[in-house]
Student: 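One structure, as structure tokens, below. Some questions next.
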Amino acid sequence: MELLYATVVAILAGSGLYLILRARSFPVVMGLLMFSYAVNLFLVAMGRLHTGKPAIIAEGAQYTDPLPQALVLTAIVIGFAMISFITVLALRARSELGNDHVDARSDEDQQP
Amino acid sequence: MLLSLILLPFIGSLLPLLAAHKGRTVCSWLTAAPPACALLLLLSTAPAVFQGELLTIRWDWIPALGLNIGFRLDGLAFLFALLILAIGLLVILYGHYYLSAKDSHGRFFSLLLLFMGAMMGVVTADNLLLMVVFWELTSLSSFLLIGFWGHRRDARRGARMALTVTGGGGLALLAGVMVIGHIVGSFELSDVLAAGDILREHHLYPVALVLVLLGVFTKSAQFPFHFWLPHAMSAPTPVSAYLHSATMVKAGVFLLARLYPALSGTELWFIMLSLVGLSTMTLGAVVALFKHDLKGLLAYSTISHLGLIVLLFGLDTQLAVVAALFHTVNHATFKASLFMSAGIVDHETGSRDIRLLSGLRHYMPITAALGLIAAAAMAGVPLMNGFLSTEMFLGEAIEQRVLGGWSWLIPAVAVFAKVFSVAYALRFIHSVFFGPKPGPLPKQPHEPPFFMRAPIVILVVLCLAVGMLPALIVGPLLSVAAASTTQTILPQYTLEIWHGFNLPLALSVLAMVLGVFLYSQRHRLFNLWNRLPPLSAPDVFEFILHSILVQGSRRITKLLESGHPQNYLLILFLFTIALAGAALLQLPSLHGGVSMTAIDFPSLAIAMTMIVAALGTAILHRNRLTALLFLSVVGLGVALVFARFSAPDLVLTQLSVEVVSIILLMLILFLLPRQNQRDSSVQRLWRDAVVAGVGGLSLGILTFAILTRPLDSISKFFLAESVSGGGGTNVVNVVLVDFRGFDTFGEITVLAIAAIGIFGLLDGMRLFNPRHLGHHYAKDRHPMLLSVLNMPLLPLALMVSLYIFMRGHNLPGGGFIAGLITAIALILQYLTNGLNWTNERLNDNFHPLVASGVMIAGLTAMGSWFFGMPLLTTAHTHVHLPVLGEIPLATAMVFDLGVYLTVVGATLVILENLGKLKPFTSQPTTEP
């Protein structure tokens, strides 16, 4: 299971990185989202993989590590704030420059 | 008292600014008051200091860094403080008459007092780090003073050059002081001075010495850093008289004296100081003769005399130290008066060019007489103070045997320099004040006002008094200063005008005769000089600055900052991968020893789906809508993974965030081109694919390595304390709102800032009309079925979110999740019924919601202060209510309410404003 988990993290991170390296804003945003999935999975893995042991205090129960979960919960929400900001930034750049290239040059500048 | 001595100039520097509008006279009086008080204070300490007492005060500032606020007043500090305050007062008087009505008196005097305070700090600081702070402050304030006439190019250039050189030297000094502190283990001056032997024997001693001397040489304008001083002459003359003759350039000399017991006595000390001092002294004296600008001549003369003082310290005998301090005082008096005389000439004739001036004694006889005496002192004529200290210098130069068979070189060069110094002193007097009446000058020359001349009179009288009655006037001061410099008992010496016929006297006379002869031959020399290629120090300096520093850094910047974010990201990724890869290579084995768990079929199915969807997103990214759908599959998969591995809170959060994110991206996609054209070459695609692959692989390997290693977590504390300390059984939520509540508070603040930022970005944005993009949309914008279904959904969803919120402390849920559910329910209203319909029924201004959320959370966090508890302390209890049963109540829930409101508000601000955007139809689109 651990190997499978690591593989999923690797593929998600790789796809995310590839998308972040693209030249247009929308794929970059998608890449960021994808990469944040990978990172969140990675962070949760700091508490190791446990099945059926949620960190809810009960009589005689076993618990997984709650700290990474709390941190990832924060990370998900912050990630949302970041993604929304970046998307709107991309939108604004498109509206100002006429294109959605990440170099942020207007159409006239881009003519070779 | 010691503190007020140092603080007075600093406090005083505010007065001229406050009094600037009251007129020049009031302003000058107010400026003079603090230094005058400080001078009286200083003199009142004289009995104690002359007894050999060491006055100190000390407070801890940053003890961890060894940085304390401490001041000391001993003989050496007393001597320099006296110079700084007394000459400062004279300069204020002089400056009052010198500045024209156009100049801002307030600013000038304020800067002057600021500088004075900084100098006082340098000479009295008891902590080396503190001294460096004041040292840099003198560089900064002198920069402002040199550039006082900022409209003039030469002033700006001169100021820039002075700051670069002295400021750079200050950094070297800081480094040197750090090394000293490292060796000694303390920055306190008393410790450092006592640790001379440890310092000299340490292998880092050369490093410390060279760095400290760099600071000294730049500040005291020693060769090869001397070039800034002549160009600092573009400052108003009072500044030149004060900073560049009497005080600031003496800071380097002061530092030599201060650290003399700690650093002197080695071969390196001697070689560096004597060679630099000797060459500076000679160079300054020679160049001074050829300067046609009065102030330029004096500037090079100052360089030469500073070289002499540095050389004296290099000779490294106790008598040489006495001579060095003596000459410091003498030079300050005669050079300040000479600068003031030059300033008067400039002020009253409008010119400082020696070639234009002549015979001024006919117009300003008193100034001429004063200048004559001061110049005689500079040339070392008997009966003047300059004579005594140069005699002592020549005596020491003859006595020393440090160069072995070459020892005669030092007195020989000293005499050579003195010949030139006699010649330029003659030129200063003879060419300006004597000879025929001058040709046409910019102004008709006349005597200056009495009080403008008064400071010169005082200084010149001092020159004569010291010259004739040295033992009486400066004897005690000098001996107490020298004793505190060397920290030993001084050998016997006498300050007398007549030592009998001896070798120094003979050399002095020889130098005088040769000097007069040299001056008589000056025109031939000028012809020779003019044949030398012209070299302008500012031009060279600026050339070096521009061609090497500016162009060089521009080139480096261009290399790294290509304007293509893709490249930056690539560099960042490669660097991160290299770092992580290097760490991973250190692992003895990938598998950490903990046995792996078995794979079950549902997990495998989820994993495969996610892998396919992730790869699909990457490969099909040019078809944006499809890629987005793939991406949402991955997001949902992540939620399932959380569910699979015991993270119920994360499942709820991930699901709701996922919904909001994808709706957001859909909205954005509506306004962006639906497809990419192909931008990147195939090579580039492959390169990126390889980098991304290696990056992903590294993260995967890291994950695997961690997962197979045993866990040692700090969470036992959270699990144990959750119920008793936080009042909730859902440990994740208790961590969020209680144990690590400050993080959460920061996080909702970020969310609020993002929402406001987005609002700002969307404000006034012009859109391309998406209708022109050639896509077909459903004709039915708000399907009836959906809106009918949605009607009962809203109250249900709100109920659910309330439930999730309430139970959050004990079961999966909480403010974040509840907030997102509420937001989604409201967004659904917008989607099904349209913006206008919804806004008619709902207040569409969500900003107050965001603000109140952050404020509720913040106030709850601070509420604990009222009970004398630290920030974010929570209280909790259980309440039994009918129907609902037992409800746990914790103040953390109020905090969570703040989180809830912020999340709802921020999400809606973001999405609602995006939805509101009106396509800009009148503008034809440029996209095909």
Student: Would you check if Leu625(B) and Met666(B) make a side-chain contact, meaning some heavy-atom pair closer than 4.5 Å?
Tutor: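 In contact.
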Student: Got a donor-acceptor contact below 3.5 angstrom from the Ser715(B) side chain to the Asp65(A) backbone?
Tutor: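 Between the backbone of Asp65(A) and the side chain of Ser715(B) there is no qualifying donor-acceptor contact (under 3.5 Å).
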Student: Can you tell which part of Leu21(A) gets under 4.5 Å to a heavy atom of chain B, answering side chain, backbone, both or neither?
Tutor: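 Both backbone and side chain.
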Student: Just wondering, do Met610(B) and Ile606(B) contact through their side chains at under 4.5 Å, heavy atoms?
Tutor: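 Of all side-chain heavy-atom pairs linking Met610(B) with Ile606(B), at least one is under 4.5 Å.
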Student: Just by modelled atom types, is the Phe645(B) backbone N or O under 3.5 Å from a matching donor or acceptor in the Thr51(A) side chain?
Tutor: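 Flag not set: sc Thr51(A) to bb Phe645(B) has no pair under 3.5 Å.
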Student: Using the ring of each side chain (for Trp, its six-membered ring), is Phe704(B) parallel, tilted or perpendicular to His591(B), with breaks at 30° and 60°?
Tutor: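 Perpendicular, since the angle between the ring planes exceeds 60°.
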Student: So for Val77(A), is it side chain, backbone, both, or neither that comes closer than 4.5 Å to the heavy atoms of chain B?
Tutor: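 Both parts, heavy atoms under 4.5 Å.
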Student: Please look at Ile910(B) and chain A and tell me whether the side chain, the backbone, both or neither of the residue comes under 4.5 angstrom of a heavy atom of that chain.
Tutor: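 The side chain, not the backbone.
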Student: Restricting to salt bridge (Lys or Arg N to Asp or Glu O under 4.0 Å), what partner residues turn up for Arg48(A), sequence neighbours left out?
Tutor: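 Scan of Arg48(A) (salt bridge (Lys or Arg N to Asp or Glu O under 4.0 Å), adjacent residues dropped) gives none.
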Student: Let me know if Tyr63(A) has heavy atoms under 4.5 Å from chain B in its side chain, its backbone, both or neither.
Tutor: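 When you check distances to chain B, only side chain atoms of Tyr63(A) fall under 4.5 Å.
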Student: For Leu604(B), is it the side chain, the backbone, both, or neither that has a heavy atom closer than 4.5 Å to a heavy atom of chain A?
Tutor: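 For Leu604(B), heavy atoms of backbone and side chain both lie under 4.5 Å from chain A.
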Student: Which one wins on heavy-atom pair count under 4.5 Å against chain A: Thr708(B), Ile701(B), Leu665(B)?
Tutor: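 Top count of heavy-atom pairs under 4.5 Å with chain A: Leu665(B).
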Student: Give, as side chain, backbone, both or neither, the part of Val29(A) having an atom under 4.5 angstrom from any heavy atom of chain B.
Tutor: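 Looking at Val29(A), just its side chain touches chain B.
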Student: Would you call Ser722(B) and Thr729(B) a side-chain contact if the rule is heavy atoms closer than 4.5 Å?
Tutor: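 Of all side-chain heavy-atom pairs linking Thr729(B) with Ser722(B), none is under 4.5 Å.
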Student: Where on Ala689(B) is there a heavy atom nearer than 4.5 Å to chain A: the side chain, the backbone, both, or neither?
Tutor: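 Contact with chain A involves both backbone and side-chain atoms of Ala689(B).
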Student: Do Leu41(A) and Phe642(B) have side chains that approach each other closer than 4.5 Å (heavy atoms only, starting at C-beta)?
Tutor: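 Leu41(A) reaches Phe642(B) side chain to side chain.
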Student: Only pairs of heavy atoms separated by less than 4.5 Å count here; which of Leu652(B), Leu628(B), Leu697(B) has the most with chain A?
Tutor: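 Answer, by heavy-atom pair count under 4.5 Å with chain A: Leu628(B).
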Student: Non-hydrogen atoms of chain B under 4.5 Å away: do they reach the side chain of Met46(A), the backbone, both or neither?
Tutor: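 Both the backbone and the side chain of Met46(A) come within 4.5 Å of chain B.
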Student: So which of Pro812(B), Ala627(B), Ala613(B), Pro565(B) has the largest heavy-atom pair count under 4.5 angstrom toward chain A?
Tutor: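 It is Pro565(B).
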Student: For the residue pair Ser25(A) and Arg94(A), confirm or rule out a side-chain donor-acceptor distance under 3.5 Å.
Tutor: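 No - no donor-acceptor pair under 3.5 Å links their side chains.
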Student: Can you tell me which portion of Ile753(B) sits under 4.5 Å from chain A's heavy atoms? Options are side chain, backbone, both or neither.
Tutor: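 When you check distances to chain A, no heavy atom of Ile753(B) falls under 4.5 Å.
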Student: Using a 3.5 Å distance criterion without hydrogens, assess whether the side chain of Thr703(B) forms a donor-acceptor pair with backbone atoms of Leu699(B).
Tutor: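 A pair under 3.5 Å: yes.
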Student: Would a distance-only check, ignoring hydrogens and angles, find a side-chain to backbone donor-acceptor pair under 3.5 Å from Gln69(A) to Val44(A)?
Tutor: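 No: the side chain of Gln69(A) does not pair with the backbone of Val44(A).
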Student: With a 4.5 Å cut-off on heavy-atom pairs, point out which of Gly16(A), Ala13(A), Ala70(A) contacts chain B the most.
Tutor: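 So the answer, after comparing Gly16(A), Ala13(A), Ala70(A), is Ala70(A).
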Student: Chain A heavy atoms under 4.5 Å from Leu570(B): which part of the residue, side chain, backbone, both or neither?
Tutor: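 Its backbone and side chain both get close to chain A.
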Student: Please identify, among Val657(B), Leu664(B), Leu650(B), Ile817(B), the residue contributing the most non-hydrogen atom pairs under 4.5 Å to chain A.
Tutor: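 It is Leu650(B).
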Student: In terms of heavy-atom proximity below 4.5 Å to chain A, should Asp600(B) be classed as side chain, backbone, both, or neither?
Tutor: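 Both backbone and side chain.
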Student: Is it the backbone or the side chain of Val634(B) that comes under 4.5 Å from a heavy atom of chain A, or both, or neither?
Tutor: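 For Val634(B), the contact with chain A is made by backbone and side chain together.
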Student: Give, as side chain, backbone, both or neither, the part of Leu3(A) having an atom under 4.5 angstrom from any heavy atom of chain B.
Tutor: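 Answer is both: backbone and side chain atoms of Leu3(A) are under 4.5 Å from chain B.
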Student: Closer than 3.5 angstrom, by distance alone: can the side chain of His101(A) be matched with the main-chain N or O of Asp103(A) as a donor-acceptor pair?
Tutor: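 Here the side-chain-to-backbone pair exists.
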Student: Has the side chain of Arg92(A) got a donor or acceptor atom that lies under 3.5 Å from a matching backbone atom of Leu761(B)?
Tutor: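 The answer is yes, because a donor-acceptor pair under 3.5 Å joins these two groups.
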Student: In terms of heavy-atom proximity below 4.5 Å to chain A, should Phe739(B) be classed as side chain, backbone, both, or neither?
Tutor: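 Contact with chain A: none, neither part.
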Student: With chain A as the partner, which of Ile619(B), Ile714(B), Val638(B) has the greatest number of non-hydrogen pairs under 4.5 Å?
Tutor: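 Highest number of heavy-atom pairs under 4.5 Å: Val638(B).
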Student: Select one option (side chain, backbone, both, neither) describing which atoms of Thr744(B) are under 4.5 Å from chain A's heavy atoms.
Tutor: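 Neither part; nothing is under 4.5 Å.
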Student: Any idea which of Val694(B), Leu751(B), Val735(B), Val750(B) has the most non-hydrogen atom pairs under 4.5 angstrom with chain A?
Tutor: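 It is Leu751(B).
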